[in-house]
Amino acid sequence: MKWYQLDVEKVEQKLQVISNRGLNNKQAVERRKQHGENILESKKQVSNWILFFKQFQDFMVLVLLAATLIAGLLGEYIDAIAIMVIVLINGCIGFFQEQKAENSLEKLKELSAPIASVLREKQWEKISSRDIVVGDVVRINSGDRIPADIRIIKSNGLETEESALTGESLPVSKHATAITADNLDVQDQTNMGFMGTMVTRGSGTGVVVGTGMKTVMGQIASLIQGTKKTITPLEMKLAELGKILIVVALLLTVLVVGVGVVQGHPMYEMFLAGVSLAVAAIPEGLPAIVTVALSLGVQRMIRKKAIVRKLSAVETLGCASVVCSDKTGTMTENQMTVKEMYLNGEYLYVTGDGYQTQGDFFLNKNKVERTHPNLETMLLYGLICNHSQLMVKKGKNFIDGDPTDGALLVAARKLGLQADRKEDYHVIKELPFDSDRKRMSVVVEDKNGMKMLITKGAPDVLLPRSTYNLDENGRSLLKKEDTRAIEEAVYHMAGKALRTIAIGVRILPNNMDIDSAMIENELTFIGLYGLMDPPRKEVKSAIRECKEAGIKTVMITGDHAHTARAIASHLQLIPENGLVFEGKQLNNMSDQELENIIEDAYVFARVTPEHKLRIVKAFQNKGHIVAMTGDGVNDAPAIKASDIGISMGINGTDVTKEASSLVLMDDNFATIKSAINEGRNIYENIRKFIRYLLASNVGEILVMLFAMLLALPLPLVPVQILWVNLVTDGLPAMALGVDKAEGDVMKRGPRNPREGIFSRGLGYKIVSRGILIGIVTLIAFMVTYQNNPEHLIYAQTTAFATLVVAQLIHVFDCRSEHSVFARNPFGNMYLVYAVLSSLLLLFVVIYWAPLQPIFHTTALSIIDWLLVVGLGAIPTVLFGYSKK
Ligand code: ADP
Ligand code: MG
């Protein structure tokens with residue numbers, strides 16, 4: 001027997017589970033041990049050894065090793081060993097950096113791993129999909145990816161899309177009854193849900209019958225490619241830049257070697273010096289450090305509740321110029337409370353906040369009772385056409401399900417209607433809510449066998465479907481003036497920033513086909529609910545900060561235009577003359593017309609997911625970099641089309657999460673702002689260490705070149721050059737990578753995505769400072785060499801120390817786009833420690849006798865140090881206060 005042929009009871013028996021209770025924890029633990037995790041095994045990862053040896057693959061490093069070997073054969077043992085050790089240390093550092101980056105990306109994957117809703121010991125729990133075991137009862141909703149192979153036991157208009165398995169992209173509707181036929185293909189097993197397929201509509205429950213590799217998806221695991229490592233645009237740009245820099249560095253090195261040989265330096269000495277110089281000057285590690293900086297930034301973002309799914313988003317975030325955000329749940333708390341009702345042509349006011357069930361109903365300051373005409377009917381119907389449950393956690397009420405539904409449930413409780421009142425009405429069919437339909441309906445049968453349809457949804461959707469009106473005199477035809485009064489009431493409630501829901505009923509004739517597409521018609525209009533969804537506290541200031549940062553915030557909502565404008569004004573999102581557009585209006589506009597008005601638009605109301613896509617495109621055609629949020633199933637195309645797709649961690653569906661590059665763990669608009677802030681900061685930090693590293697390299701090459709041109713001996717020996725590359729360049733550069741933002745990153749406009757790395761004066765800064773570093777190092781060498789021509793080592797030590805000190809002072813200049821004095825030098829303690837340890841290590845190689853022969857150094861006096869520091873400070877003092 002196959003699972004699809006079994007009754008639900010048989011399935012339960014076989015799997016030893018009761019479907020309204022779920023597995024107990026002991027069973028779950030045992031089964032997990034027995035069958036393993038619910039994951040598709042992916043390909044093996046790169047081993048650490050391979051990662052380690054990769055560090056030495058670099059061409060120039062290989063040449064250096066070969067040159068060292070030759071030096072060793074020629075009898076220069078000490079130099080040879082010293083260089084080997086430095087290369088080895090360099091490799092280790094590279095290895096640890098890459099491993100760190102790799103690990104943090106792994107952790108990220110785990111963070112964004114799918115979550116499933118599972119029934120365990122009568123409690124619905126959210127657990128990681130990998131912990132699901134056979135026999136678990138899981139709940140699925142539209143937008144979910146089904147976490148394992150399941151036998152459906154309950155379906156509310158459930159439809160799934162199984163193209164990953166069948167190639168068929170039309171949704172398949174799913175039910176719970178057993179199928180007698182045998183040998184069915186996947187697409188015909190209509191009471192089964194398969195791992196990895198998508199729920200496109202409705203909701204349902206299922207019992208897990210297969211997990212991990214024992215699923216249909218697992219059997220064709222070849223379909224699933226391993227996750228490819230993608231390269232971000234910045235990494236690509238840097239890789240290209242790297243190639244140019246390699247050529248330039250090589251040319252300069254060849255020049256240094258050539259001039260040196262012409263000036264009479266021995267060939268092999270120049271060769272080793274040249275290779276060391278090339279190794280030091282070629283920024284081969286740049287892309288790797290950038291990756292590290294990006295992934296460290298990603299970790300900082302996680303702490304701020306933003307999960308980056310695509311590394312490239314980090315860079316793009318810094319360019320964002322428009323943020324299109326959902327209103328409900330992102331700008332607001334998504335905690336709804338019914339504050340007003342419109343019934344019998346009158347307004348009722350409802351007291352009580354949040355999901356508290358205490359509260360009363362007032363008509364003109366007079367409390368009304370349960371006997372108030374139609375009040376109980378309206379609230380009861382709101383309770384029946386409802387998917388939510390009221391739960392208590394730590395003494396606080398919360399809603400499991402849609403907060404809109406929750407508000408209606410709580411309102412019913414205020415009149416004393418308990419959830420068990422629903423039991424008198426048997427639900428035969430459900431037409432689920434989605435943001436295209438903007439309504440939800442149920443078909444129910446009461447104890448007397450009477451069938452009725454209850455519909456709730458946006459008033460402008462329900463009114464055209466209503467034929468009758470209910471008031472204290474009973475049911476009558478819906479007259480023009482009734483409609484006008486209702487529309488006025490909607491407008492009145494919306495003006496108070498209330499979200500409006502209308503509710504209606506239809507007694508179904510006995511011969512009515514309940515599957516008819518026309519069923520949601522001829523409704524009797526009962527009344528309106530006005531729901532309060534308070535804006536989140538942080539959002540107002542976040543919108544203001546975005547504005548200061550040159551980023552426009554646009555509100556996108558399925559809600560009524562008037563409600564949306566009221567909230568937008570409250571949040572100061574929309575200026576006096578800012579425009580609000582409705583989806584209807586967009587339908588009558590061409591794309592060109594939309595582009596023409598889009599700069600003045602701040603709110604889009606009553607939109608469908610399709611409109612979102614057009615809005616994204618219109619902004620993009622205007623040259624904007626657009627961030628777009630979404631939560632529902634149908635939002636995926638707009639999210640994909642935007643430059644930064646943002647999904648919701650709590651209320652988002654799997655589909656939107658997969659399409660997005662950023663997930664907000666707290667669904668909060670303010671988190672978008674933090675992420676943009678962090679994105680800008682990371683880019684600035686990358687600029688900082690590129691500036692530092694390249695200026696250092698320019699200095700190193702130039703001091704050698706100048707010396708050769710002036711027919712001087714080598715101012716630095718190969719080990720010293722390699723040392724500077726490793727210790728002086730490496731540590732502080734990493735510290736720059738985690739620097740704090742300069743005060744004004746959120747006060748300037750967004751970065752132009754097409755701007756090069758060297759723009760905004762960076763190239764000039766690198767070259768000018770680099771030249772000066774080279775010159776002061778040369779001066780240090782010449783001054784000491786002149787004094788004492790037979791002590792070459794003394795002059796080389798002074799030059800070495802000057803180069804190091806000049807760079808370590810210059811690193812503080814690199815922290816600012818404005819002036820070295822603009823920032824507190826102790827603001828980045830990592831940098832202070834990095835600089836101090838570099839200095840300490842410099843002292844060690846200069847003063848510790850055993851290392852002196854290895855590094856060709858000799859002890860310096862206080863006077864020498866005055867010279868070193870005096871010269872070393874010049875590049876920074878001369879330029880440090882200028883913006884250029
Ligand atoms: P948004 O999330 O931007 O507020 P939605 O698409 O969720 O937009 O909702 C649009 C409209 O649909 C709401 O203004 C409301 O009238 C109606 N609506 C929302 N949720 C429900 C629900 N659970 N059942 C019925 N109608 C709903
Ligand atoms: Mg919504």
Side-chain angles (χ1 to χ4, degrees), residues 141-143 156-157 202-203 324-336 338 342 381-389 399-411 430-442 453-463 465 486 489-491 493-494 497-504 520 523 527-533 535 554-568 580 582-584 603-612 615 628-635 638 648 650-653 656 667 669:
N141 278 307
S142 67
N156 296 315
S203 60
C324 297
S325 168
D326 283 329
K327 169 180 75 67
T328 309
T330 312
M331 294 192 179
T332 63
E333 298 269 7
N334 212 12
Q335 203 198 47
M336 316 247 181
V338 175
Y342 178 79
Y381 288 178
L383 188 64
I384 298 170
C385 183
N386 198 311
H387 237 306
S388 66
Q389 273 165 342
I399 289 295
D400 182 32
D402 189 323
T404 308
D405 287 358
L408 306 199
L409 177 134
V410 169
E430 180 178 323
L431 297 147
F433 171 80
D434 71 37
S435 32
D436 276 319
R437 284 167 34 85
K438 294 193 172 43
R439 62 184 186 274
M440 160 186 176
S441 301
V442 290
L453 168 100
I454 302 171
T455 303
K456 71 181 201 301
D460 33 325
V461 173
L462 250 65
L463 265 179
R465 295 174 177 273
I486 293 165
V490 170
Y491 198 74
M493 286 182 177
L498 296 178
R499 186 180 165 84
T500 45
I501 306 274
I503 190 157
E520 290 167 300
L523 297 170
L528 295 171
Y529 292 96
L531 279 59
M532 181 68 191
D533 179 17
V554 176
M555 178 189 279
I556 309 254
T557 180
D559 215 339
H560 194 276
H562 210 54
T563 313
R565 184 187 270 277
I567 295 183
V580 177
E582 280 196 41
K584 271 195 301 230
V603 176
F604 291 93
R606 283 287 189 246
V607 292
T608 61
E610 226 171 278
H611 295 129
K612 282 190 169 182
I615 294 168
M628 168 66 93
T629 72
D631 46 12
V633 225
N634 311 335
D635 288 337
M648 303 299 143
I650 305 171
N651 283 320
T653 56
T656 42
D667 293 9
F669 176 84

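We count ligands from 1, going down the list as the structure has it; atoms in each ligand are counted the same way.
- Residue contact annotation: Asp326 has no non-hydrogen atom under 4.0 Å from ligand 1.
- Looking at ligand 1, you won't find any N or O of Arg439 less than 3.5 Å from one of its N or O atoms.
- Panel note: side chain Asp405, backbone Asn386; no donor-acceptor pair is recorded below 3.5 Å.
- Using a 4.0 Å cut-off between heavy atoms, Thr500 contacts ligand 1 through its backbone alone, with no side-chain atom that close.
- Note on Lys438 versus Asp460: no salt bridge recorded, every NZ/NE/NH1/NH2 to OD/OE distance being 4.0 Å or above.
- Distances between N or O atoms of Thr328 and those of ligand 1 include at least one value under 3.5 Å.
- Below 3.5 Å of separation, one finds no N or O of Ile556 facing any N or O of ligand 1.
- Proximity of Thr656 to Met648: side-chain heavy atoms (C-beta onward) are nowhere separated by under 4.5 Å.
- With sequence neighbours excluded, the residues satisfying side-chain hydrogen bond (donor to acceptor under 3.5 Å, both in side chains) with Lys612 are Asp326, Asp635.
- Remark: the backbone N or O of Leu498 is paired with a side-chain donor or acceptor of Thr563 at under 3.5 angstrom.
- Set against the non-hydrogen atoms of Thr557, the atoms of ligand 1 under 4.0 Å away are 1 (P), 3 (O), 4 (O).
- Of the candidates Arg437, Arg499, Lys438, His560, it is Arg499 that places a heavy atom closest to atom 7 (O) of ligand 1.
- Contacts between Thr404 and ligand 1 below 4.0 angstrom, taking non-hydrogen atoms only, involve the side chain exclusively.
- Within the 4.5 Å cutoff, the side chain of Val338 has no heavy atoms near those of the Val410 side chain.
- Which of Pro609, Gly382, Ser435 comes nearest to atom 6 (O) of ligand 1 through a heavy atom is settled by distance: it is Ser435.
- Here is the list of ligand 1 atoms found below 4.0 Å of a heavy atom in Arg606: 11 (C), 14 (O).
- In the vicinity of Ala458, heavy-atom distances shorter than 4.0 Å reach the ligand 1 atoms 16 (O), 17 (C).
- A donor-acceptor pair is defined here as one N or O able to donate and one able to accept, closer than 3.5 Å; such a pair exists between the side chain of Lys456 and the backbone of Cys385.
- Against a heavy-atom cut-off of under 4.0 Å, Asp402 is close to the following atoms of ligand 1: 23 (N).
- No side-chain donor-acceptor contact under 3.5 Å links Asp667 to the backbone of Thr330.
- Heavy atoms of Asp559 found under 4.0 angstrom from ligand 1 belong to the backbone as well as the side chain.
- With a 4.0 Å cut-off on non-hydrogen atoms, His387 does not touch ligand 1 at all.
- The CG atom of Leu408 sits 6.0 Å away from the CG atom of Leu531 when rounded to the nearest 0.5 Å.
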